[in-house]
Amino acid sequence: MTTFVDRVELYVAAGNGGHGCASVHREKFKPLGGPDGGNGGEGGSVTLVVDAQVTTLLEYHHSPKRKATNGKPGAGGHRTGADGHNLVLPVPDGTVVLDKQGNVLADLVGHGTTFVAAAGGRGGLGNSALASARRKAPGFALLGEPGEARDIVMELKSVADVALVGYPSAGKSSLISVLSAAKPKIADYPFTTLIPNLGVVTAGETVYTIADVPGLIPGASQGKGLGLEFLRHVERCEVLVHVLDCATLEPGRDPLTDLETIEAELSQYGGLENRPRLVALNKVDVPDGQDIADLTRTSLEERGYRVFEVSALAHKGLRELSYALAQIVSEARAAKPLEESTRIVLRPTAVDDAGFTVTEEDGAYRIRGIKPERWVRQTDFANDEAVGYLADRLARLGIEQQLWKVGAKEGDTVIIGPEDNAVVFDWEPTMASGAEMLGRRGEDHRFETQRPAVDRRRDRQRGRDVADEEYRAFEALSSGRPAIDGDDGDGDEEY
């Protein structure tokens with residue numbers, strides 16, 4: 001059964017904002033109660049939080065879809081809908097968040113670090129919030145905005161100061177077990193270590209972490225063995241320790257050849273060229289192990305490596321190695337610049353920035369901008385008054401003037417929004433603002449010609465009214481009584 005996962009693909013979806021409410025206050029003896037529709041609640045967001053108690057991404061491997069709750073719609077009586085619950089996902093320290101294209105969205109290091117992976121949708125305004133001196137009783141409300149939804153990739157990179165690298169069965173797990181309190185699985189067969197193991201080492205006044213990375217083999221940087229899966233765990237380390245097996249029985253292998261092979265794989269992986277290296281000649285307590293170490297030590301020192309002869313079983317050379325690592329880690333920490341607290345930078349929109357762009361695409365005009373795209377998402381296109389309100393907002397923003405400037409004409413196609421989610425309509429310039437155009441709630445007379453179904457119903461109703469009048473006149477004539485009581489002064493009754 002899988003117990004360690006360091007890379008997952010996760011689908012996160014924030015909650016949608018609740019719709020605003022279109023309501024009018026009704027109470028006995030108060031015929032002009034006014035609008036009292038409340039606003040919709042905010043949708044819940046999906047947030048990643050670093051938790052020191054979490055060490056793997058296994059939970060998200062089994063359930064790769066996470067969604068926050070939606071905001072509740074508003075109600076009459078100025079009642080605002082409840083906000084959706086935020087979804088907080090704990091992740092291990094050192095988690096890197098990427099999009100599907102491989103772009104880094106966040107590097108989460110340090111307990112409590114947060115990242116909003118998907119922001120919740122904004123709640124729609126109710127008609128009480130839309131009322132103004134000109135539009136006293138709006139017959140519409142704004143819709144809630146949909147929450148963000150996207151696929152992300154999370155990769156775990158161990159936050160360790162020292163990384164032990166080497167061939168399988170070189171003794172890395174045994175070494176970390178005696179240097180620290182870590183208890184990794186140790187056996188006499190290759191690839192015993194299937195996951196990175198972390199241990200804490202104390203050397204004098206310096207405390208540092210050490211990572212045991214699963215064994216590397218030729219071709220690890222191209223995906224052979226387990227190397228490529230776990231090479232990312234050495235990227236944050238300050239120093240690399242080559243653990244070389246001085247008692248290997250495999251033909252064609254010796255410490256120098258192993259070192260060259262591992263260095264070639266690290267070079268092909270990239271990004272580790274500037275890390276200091278130490279060499280630990282392991283298993284010198286085994287027969288012929290000390291002899292091989294003596295033959296190899298001079299060649300390694302000529303190449304510029306600091307060499308330590310160690311034995312995890314006999315506890316030989318461990319103190320010297322741990323203090324040497326502590327010195328390098330301390331120097332690396334001292335060389336790092338102090339991290340200053342993040343400054344909050346406010347970048348207000350420029351005065352001459354209209355907040356939108358109008359571009360011509362294949363005979364159509366596409367409008368892009370935060371405000372117009374948000375307004376479109378909030379509009380209920382089944383309500384004429386809401387559509388008229390949208391037209392007024394776009395006109396006040398200056399979109400119609402910009403369309404005139406770029407050469408748009410009445411009847412041209414106008415597109416608002418991106419290609420995958422846009423609203424397309426034929427442009428009809430607004431000659432006057434519709435905010436003061438009063439009529440029945442939910443209707444705007446500028447759109448009457450675009451509602452043939454309503455016109456047909458009204459024509460049928462007028463036809464029925466005429467037929468009823470003719471029938472009443474016929475009955476009056478048949479019964480001999482006047483159809484309309486009255487006298488026009490000439491003595492004749494009107495029928």
Is it true that, when you exclude [X] itself, more than 12 heavy atoms of the residues, nucleotides or ligands shown sit nearer than 6.0 Å to its [atom1]?
| X | atom1 | value |
| --- | --- | --- |
| Q53 | CD | no |
| N274 | CG | yes |
| H78 | NE2 | yes |
| E361 | CD | yes |
| E205 | CD | no |
| E331 | CD | yes |

Would you say [X] and [Y] make side-chain contact, with heavy atoms under 4.5 Å?
| X | Y | value |
| --- | --- | --- |
| Y208 | S322 | yes |
| L266 | H242 | yes |
| D380 | F140 | no |
| D392 | R135 | yes |
| F308 | V241 | no |
| L105 | R150 | yes |
| R79 | K72 | no |
| L48 | M154 | yes |

Nearest heavy-atom pair of [X] and [Y]: which atoms, and what distance?
| X | Y | answer |
| --- | --- | --- |
| P418 | A422 | O-CB, 3.0 Å |
| P138 | E385 | CA-OE2, 3.7 Å |
| E428 | E400 | O-OE2, 4.3 Å |
| R275 | L240 | CB-CG, 4.3 Å |
| G126 | A141 | CA-CB, 4.0 Å |
| A312 | N282 | N-OD1, 3.8 Å |

Whether the side chain of [X] engages the backbone of [Y] through a donor-acceptor N/O pair (distance < 3.5 Å, no angle test) should be reported.
| X | Y | value |
| --- | --- | --- |
| H25 | D36 | no |
| S45 | N86 | no |
| N127 | G37 | yes |
| D83 | G71 | no |
| N383 | G139 | yes |
| N70 | G15 | no |
| D161 | E238 | no |
| R66 | L10 | no |
| R366 | A364 | no |
| R277 | G304 | no |

To the closest 0.5 Å, what do you measure between [atom1] ([X]) and [atom2] ([Y])?
| X | Y | atom1 | atom2 | result |
| --- | --- | --- | --- | --- |
| K65 | D151 | NZ | CG | 9.0 Å |
| R368 | E373 | CZ | CD | 4.0 Å |
| W375 | L397 | CH2 | CG | 4.5 Å |
| L142 | T379 | CG | OG1 | 6.5 Å |
| T47 | L89 | OG1 | CG | 8.0 Å |
| F115 | I152 | CZ | CD1 | 7.0 Å |

Note to self: Assess the residue pair L403 and V414 against the criterion (side chain to side chain contact (heavy atoms under 4.5 Å, CB included)); give the C-alpha distance rounded to whole Å, side-chain angles, the decisive distance to 0.1 Å, and a yes or no.
What the structure shows: CA-CA 9 Å; L403 286 172; V414 175; 4.3 Å; yes

*Assess the side chains of T80 and N39: does a donor N or O sit below 3.5 Å from an acceptor N or O?*
no

V109/V50 under side chain to side chain contact (heavy atoms under 4.5 Å, CB included): CA gap, chis, key distance, verdict: CA-CA 7 Å; V109 178; V50 175; over 6 Å; no

Margin query: Please evaluate residues L175 and L321 with respect to the criterion side chain to side chain contact (heavy atoms under 4.5 Å, CB included), reporting the C-alpha separation (whole Å), side-chain torsions for both, the decisive distance (0.1 Å), and the verdict.
Written below: CA-CA 11 Å; L175 196 58; L321 176 61; 4.3 Å; yes

Quick one, V201 with V162, criterion side chain to side chain contact (heavy atoms under 4.5 Å, CB included). Give me CA distance, side-chain angles, the key distance, then yes/no.
CA-CA 10 Å; V201 181; V162 179; over 6 Å; no

